[in-house]
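Following: one structure in structure tokens, then a few remarks.
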Amino acid sequence: MGFWGGLSANLLNMIGVGPFITIPLALSALAGPMVLVGWLAGALLCLCDGLVWAELGSTIPESGGPYHYLRTAYGSEGLGRLFGFLYLWQTVLTAPLSIGSAAVGFAQYLAFLIPGLGHQGQIAAAVVLCLANTALLYRRVDSVQRLSLLVSVMVIGACVWIVASGLLHFDTRLAAQFLHAGGDSKHGFWLGLGAVSLIAVYDYGGYNNVCMLGGEIKRPRRTIPLAVLTSIPIVALLYMGLNIAVLGVLPWQEAAHSKAVVADFMQSIYGRTGGITAVLLILLATWGSALVVLLGYSRVPYAAAASGQFFRMFARLHPRGQFPTVSLLFTGAASALACTLSLDNLIAALMVIQIMFQYMAQCLAIVLLRRRGREHADTFRMPLYPLPVVVSVIGWLYIVCTSPGRHILAGIATMVGGTLIYVIDAWRKKAWPFQSP
């Protein structure tokens, strides 16, 4: 896979259902033009974090990315074993949150077509989607490349259609009302800014996807950084255009309280037919996205268990189809349970856990690897080092500290629980830190 393949792998992962379901959350967190500052702050943080991923991916171009970065930086026979396990542990926990957020978004747009679908009905619809996708994947799947491409084309096409429609019907009067709206949220400006930045980072997520494929990339030390750093501004411009288009057609107060903002947006332009058409596209894209993400995440615990790095039961394969059974069923069932959480809680918990488990540790990993001088002759070196690392650390800490306390406690409890499980398993296997001298 060369540059264009790597860039496509990132864009396929980045351009998903996020902006269709998170615009109201951002407007509710911080009203007025300062919400755009939150989106820009999220883009800047992702760019700095992208530099971290670019250098790590160029220094250690291995498939499975973060697992190898953390084990190598912290010592593959020492503390790195714990960090590698914690990465796998958080993946098992965050995968259902990611899939569940897509399923909840699916149910919210389904309610536009079925007005009588109440809160409990939406939860049931999201749960059914997760279980149906699990059943669909409980068979041998040779390739999902065509499905991934189809979903991405639909989402990109929908975004372009929406942005173009917004520009053609842009109302400067509504935009002026938004620009003169108050900028404070019910929790205060700084907490509101942190909430919007978290949402923005969630929507931009996926620029690191090429790093997971490092072993399959041509000239990875050059291609990986290029793919990471090119994909971020492309998607940032697309998402900013989508937000501005919506705010130039719908009153921002209406957009902030909408459960299907893009459907309301398109309906205001093209009538009921336009709203229904947009919803059908979004439902199809959301279903495909949730299916592909479930397929991908269900393979992570299996691959780790098959290599002896995770719980053995996750390495079980179907006797005829030769696909992971326990890993798929666990991820699908956990995703269905996650659908009982609200969308904002799903997104916040997902991001806080990933930041605490992985993103902060990777920032320090860059420093450790540089001190060891592991770089190859053509390894990418981030410009202005260590400024991007410092900005990333400050940004991640800010997002965590401005998140609800229950999500921070959940992240801490998850980290402590994963560490205890590792310690027990390491003691049983006589691995670090219990190996014989």
Side-chain angles (χ1 to χ4, degrees), residues 11 14-28 31 35-36 39 101-118 121-122 125-126 129 150-179 181 196 199-200 202-204 234-290 343-344 347:
L11 295 179
M14 295 176 75
I15 303 176
V17 299
F20 298 141
I21 59 179
T22 57
I23 291 176
L25 298 179
L27 292 172
S28 299
V35 73
L36 299 179
W39 279 94
S101 65
V104 170
F106 175 93
Q108 288 186 357
Y109 275 90
L110 183 64
F112 182 88
L113 299 180
I114 310 174
L117 192 67
Q122 291 182 36
L129 177 69
L150 178 62
V151 170
S152 299
V153 168
M154 287 190 299
V155 174
I156 293 172
C159 286
V160 172
W161 179 36
I162 293 164
V163 172
S165 298
L167 293 177
L168 292 173
H169 297 83
F170 196 84
D171 188 336
T172 55
R173 180 181 55 85
L174 289 177
Q177 290 178 0
F178 170 72
L179 291 175
V196 175
I199 292 168
Y202 167 79
D203 285 346
Y204 295 141
I234 291 175
V235 174
L237 288 173
L238 182 62
Y239 284 176
M240 286 295 291
L242 180 60
N243 278 266
I244 293 172
V246 170
L247 294 170
V249 173
L250 289 180
W252 71 266
Q253 300 94 331
E254 180 182 340
H257 294 93
S258 174
K259 296 298 183 182
V261 65
V262 176
D264 293 335
F265 165 83
M266 297 301 283
Q267 181 171 261
S268 69
I269 298 175
Y270 300 111
R272 181 68 178 174
T273 301
I276 291 175
T277 303
V279 167
L280 291 175
L281 283 173
I282 292 171
L283 288 178
L284 189 59
T286 307
W287 164 76
S289 176
L343 184 62
D344 56 342
I347 292 174

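Heavy atoms only: backbone and side chains are in, while hydrogens, waters and symmetry mates are out.
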Gap separating the CG atom of Leu179 from the CG atom of Leu174, nearest 0.5 angstrom: 11.0 Å
Selection residues 274-285 - residue pairs positive for salt bridge (charged side-chain N to carboxylate O under 4.0 Å, His left out), sequence neighbours left out: none
Separation between OG1 of Thr172 and CD of Gln177, rounded to the nearest 0.5 Å: 10.0 Å
Identify all side-chain donor-acceptor contacts of residues 160-170 below 3.5 Å with residues at least two apart in sequence or on another chain.
residue: Ser165; atom: OG; partner: Trp161; partner atom: O; Å: 2.7
residue: Ser165; atom: OG; partner: Tyr270; partner atom: OH; Å: 2.7
residue: His169; atom: ND1; partner: Ser165; partner atom: O; Å: 2.9

Nearest-0.5 Å distance, CG of residue Leu25 to CD1 of residue Ile199: 5.0 Å
Sequence neighbours excluded and cut-off under 3.5 Å, please list the side-chain donor-acceptor pairs for residues 259-266, or say none.
residue: Asp264; atom: OD2; partner: Ser258; partner atom: OG; Å: 2.6

Separation of Ile21 CD1 from Phe106 CZ (nearest 0.5 Å): 12.5 Å
Taking every non-hydrogen atom, the tightest pair across Val35 and Ala26: CG2-O, 3.5 Å
Interatomic distance, Leu129 atom CG to Trp287 atom CH2 [nearest 0.5 angstrom]: 9.5 Å
Sequence neighbours excluded, every pair satisfying salt bridge (charged side-chain N to carboxylate O under 4.0 Å, His left out) that has a member inside residues 157-171: Asp171-Arg173
Worked verdict on Ile347 versus Leu343 for side chain to side chain contact (heavy atoms under 4.5 Å, CB included): CA-CA 6 Å; Ile347 292 174; Leu343 184 62; 4.1 Å; yes
Qualifying residues under side-chain contact (heavy atoms from CB on, under 4.5 Å), relative to Leu247, sequence neighbours excluded: Leu27, Phe178, Trp252
For Ala102, all residues meeting side-chain contact (heavy atoms from CB on, under 4.5 Å), sequence neighbours excluded: Val17, Thr286, Ala290
By side-chain contact (heavy atoms from CB on, under 4.5 Å) - contacts of Ala107 (at least two apart): Gln122, Ala125, Ala126
Got a list of side-chain donor-acceptor pairs under 3.5 Å for residues 272-285, not counting sequence neighbours?
residue: Arg272; atom: NH1; partner: Gln267; partner atom: OE1; Å: 3.4
residue: Arg272; atom: NH2; partner: Phe112; partner atom: O; Å: 3.3
residue: Thr277; atom: OG1; partner: Thr273; partner atom: O; Å: 2.8

Interatomic spacing from CD1 in Ile244 to OH in Tyr239 - rounded to 0.5 Å: 15.0 Å
